[in-house]
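Note sheet for the following structure.
Chain letters run A, B, ... following the sequence lines, proteins first and then strands; every chain starts at 1. All values below come from the heavy atoms of this structure, side chains included, with hydrogens, waters and symmetry mates left out.
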Number of protein chains: 2
Amino acid sequence: MRSSTLSKATMGRLPLYLQFIRTVQTENVSSATVARALGLGEVQVRKDLASICPAGMPKIGYPTERLREDLEAVLGMKQTIPAVVVGAGKLGRALMAYDGFREYGLEIAAAFDTRVTDSSHERKPILPMEEMTGWCREHEVHIGILTVPAGAAQEAADQMVNSGITAILSFVSVPIRVPDTVTVKHENIALSLACLKIVAGMSNETTEEDSHGSEDL
Amino acid sequence: MRSSTLSKATMGRLPLYLQFIRTVQTENVSSATVARALGLGEVQVRKDLASICPAGMPKIGYPTERLREDLEAVLGMKQTIPAVVVGAGKLGRALMAYDGFREYGLEIAAAFDTRVTDSSHERKPILPMEEMTGWCREHEVHIGILTVPAGAAQEAADQMVNSGITAILSFVSVPIRVPDTVTVKHENIALSLACLKIVAGMSNETTEEDSHGSEDL
DNA sequence: TAGATTGTTAATCGATTAACAATC
DNA sequence: TAGATTGTTAATCGATTAACAATC
């Protein structure tokens, strides 16, 4: 019931709140403080927080500890669940070594690659692709990170689906086809950077006809 | 004039269109085709495309080549501009080696790190931090990718700003403070994965009270 | 001409913001 | 009590969708 009142937009901001709340040292924190820190509207913050934490107190604010717990609960970070990396290239291995996942209730358990690579320097196993299905089913892994070359993406994705993975974070720049039951999120780094280039006004798109001077966004 | 009619939402979809258009083999492409491929509304696609490409023809669609050119023009991909990586750890070096940036008119020119690292295996120079300001000013670099440890983020960001960088793509999970003239985009991979976990319904947030069965988003 | 497709105007929807009531 | 802060209701804003006119 409660979850149905959380809009998509609100949901997207919750991790942002959590990130900031974790840095707060005081016992209580007000919506104004959060808003200022994150550059959001005060009312928006209050509305968002009210939807997940009923412990806000007039004149005092939100108990930091309680707020953090509620955020973590809604975001499902109470328990750590395993994920696998598919494609143990440079990016794949960089992600394996990244320990920031744990803060968000996730842990890379293993990686898979078509070529048997030297994993002696890694703390986690890099296994041949053929073992993925068995391994994932055995360890009940349902989240995968896809970091293979574009040409191998579809085949790898198929194998992931076949291994019982239902959520894929893809770093591949080509779209992949999966059944409706599987969620794919594309993380296109080049694209993010390109957007930044545009927002920062570095593209050749700035026309001289716009006599307003530089637009403020 | 034209650019002012592009909403933020539309702008965000343009790279998506470009990605797909580049895969199209036919001479012309209809909004219906694009919509189907990307899972968007037909009218939405038409409205978006109409705002950047005046060459749409009833009964025929959009000339693929022309559409691609217009998209690239608006997205500022005609010319390649340089970017630097700050923090030559695993992720930083993985990004250096990634050649997908070029497709979006960007090129990693060099990396900087506090520790002088072995860059003999790299095709691009990894230079000591002290040289960043001079190097960036000389090469007129205004875009930077931040991949340092959280503890070093603020200092590194300050140096980037000082080097004339006005757009930062940050992979650091802590917020950084920069002047208003600098744009920062946070790329929190762990967070993306966490969102996926939620969307895919793997968090412990699913309540038994929701008797609708699984929600379809 | 007829039909398919584009482009635009109006209606709907969702999210943000403003105003204000509630409360410790 | 007075004041600061929360929570909610109504108004505004922006984006999407629906209906339809324009056109090759």
Side-chain angles (χ1 to χ4, degrees), chain A residues 1-17 21 24 26-68 70-71 74 195 199 215-217, chain B residues 1-17 21 24 26-68 70-71 74 195 199 215-217:
Chain A
M1 198 69 188
R2 193 183 58 180
S3 70
S4 62
T5 68
L6 290 178
S7 77
K8 228 168 144 184
T10 297
M11 206 67 190
R13 282 188 296 267
L14 295 185
L16 208 68
Y17 294 135
I21 295 305
V24 173
T26 55
E27 190 173 349
N28 299 292
V29 62
S30 77
S31 57
T33 307
V34 176
R36 221 174 307 119
L38 298 174
L40 299 173
E42 205 173 308
V43 182
Q44 186 170 72
V45 171
R46 212 142 62 221
K47 218 178 175 186
D48 286 344
L49 296 188
S51 71
I52 59 116
C53 177
M57 288 170 295
K59 174 116 175 162
I60 293 171
Y62 301 83
T64 308
E65 187 74 1
R66 170 69 191 279
L67 181 54
R68 207 202 69 228
D70 286 354
L71 277 166
V74 174
C195 290
V199 175
E215 305 204 1
D216 58 348
L217 202 90
Chain B
M1 197 71 188
R2 194 185 59 181
S3 69
S4 63
T5 68
L6 291 178
S7 77
K8 228 169 143 183
T10 297
M11 205 67 191
R13 282 188 295 268
L14 295 186
L16 207 68
Y17 295 134
I21 295 306
V24 173
T26 55
E27 190 173 349
N28 298 293
V29 61
S30 76
S31 56
T33 308
V34 176
R36 221 174 307 117
L38 299 174
L40 299 173
E42 205 174 308
V43 181
Q44 186 170 72
V45 170
R46 213 144 60 221
K47 218 178 173 186
D48 287 343
L49 296 188
S51 69
I52 58 118
C53 178
M57 288 169 296
K59 174 114 176 165
I60 293 171
Y62 301 84
T64 308
E65 187 74 2
R66 171 68 191 278
L67 180 54
R68 208 202 67 229
D70 285 353
L71 278 166
V74 174
C195 290
V199 175
E215 305 204 359
D216 57 348
L217 204 88

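Across all non-hydrogen atoms, the minimal contact from B:Leu14 to B:Ile52 is CD1-CG2, 4.2 Å. In terms of heavy atoms, B:Glu42 sits closest to B:Ala35 at CA-CB, 3.7 Å. What you find for B:Leu67 and B:Cys53 is that their closest heavy atoms are CD1-CB, 3.7 Å. Across all non-hydrogen atoms, the minimal contact from A:Asn28 to A:Pro63 is OD1-CA, 3.2 Å.
Between B:Thr26 and B:Thr33, every side-chain heavy-atom pair lies at or beyond the 4.5 Å cut-off.
Along DNA chain C, the stretch of nucleotides lying under 4.0 Å from any heavy atom of chain A spans, 5' to 3', C:dA15 to C:dC24.
Applying the salt bridge (charged side-chain N to carboxylate O under 4.0 Å, His left out) test to pairs two or more places apart or on separate chains, those with a residue in residues 47-58 of chain B are B:Arg13-B:Asp48.
In this structure, B:Tyr17 OH and B:Leu40 CG are separated by 5.0 Å, a value rounded to the nearest 0.5 Å.
Taking the nucleotide of DNA chain C with the nearest heavy atom to each of A:Pro58 and B:Tyr62, the more 5' of the two is matched to B:Tyr62. Both A:Asp48 and A:Met57 sit near DNA chain C, but only A:Asp48 has its closest nucleotide nearer the 5' end.
Looking at DNA chain C, the stems built from 3 or more consecutive Watson-Crick or G-U wobble pairs, each pair with its key distances under 3.5 Å, are C:3-24 with D:3-24.
Looking at residues 34-42 of chain B, you'll see that no heavy atom sits under 4.0 Å from any atom of DNA chain D.
Contacts of A:Arg36 classified as side-chain hydrogen bond (donor to acceptor under 3.5 Å, both in side chains), with partners at least two apart in sequence or in another chain: none. Residues satisfying the side-chain hydrogen bond (donor to acceptor under 3.5 Å, both in side chains) criterion with B:Glu65, sequence neighbours excluded, are B:Arg68.
Listed for the B:Ser30 side chain is no donor-acceptor partner under 3.5 Å among the backbone atoms of B:Gly61.
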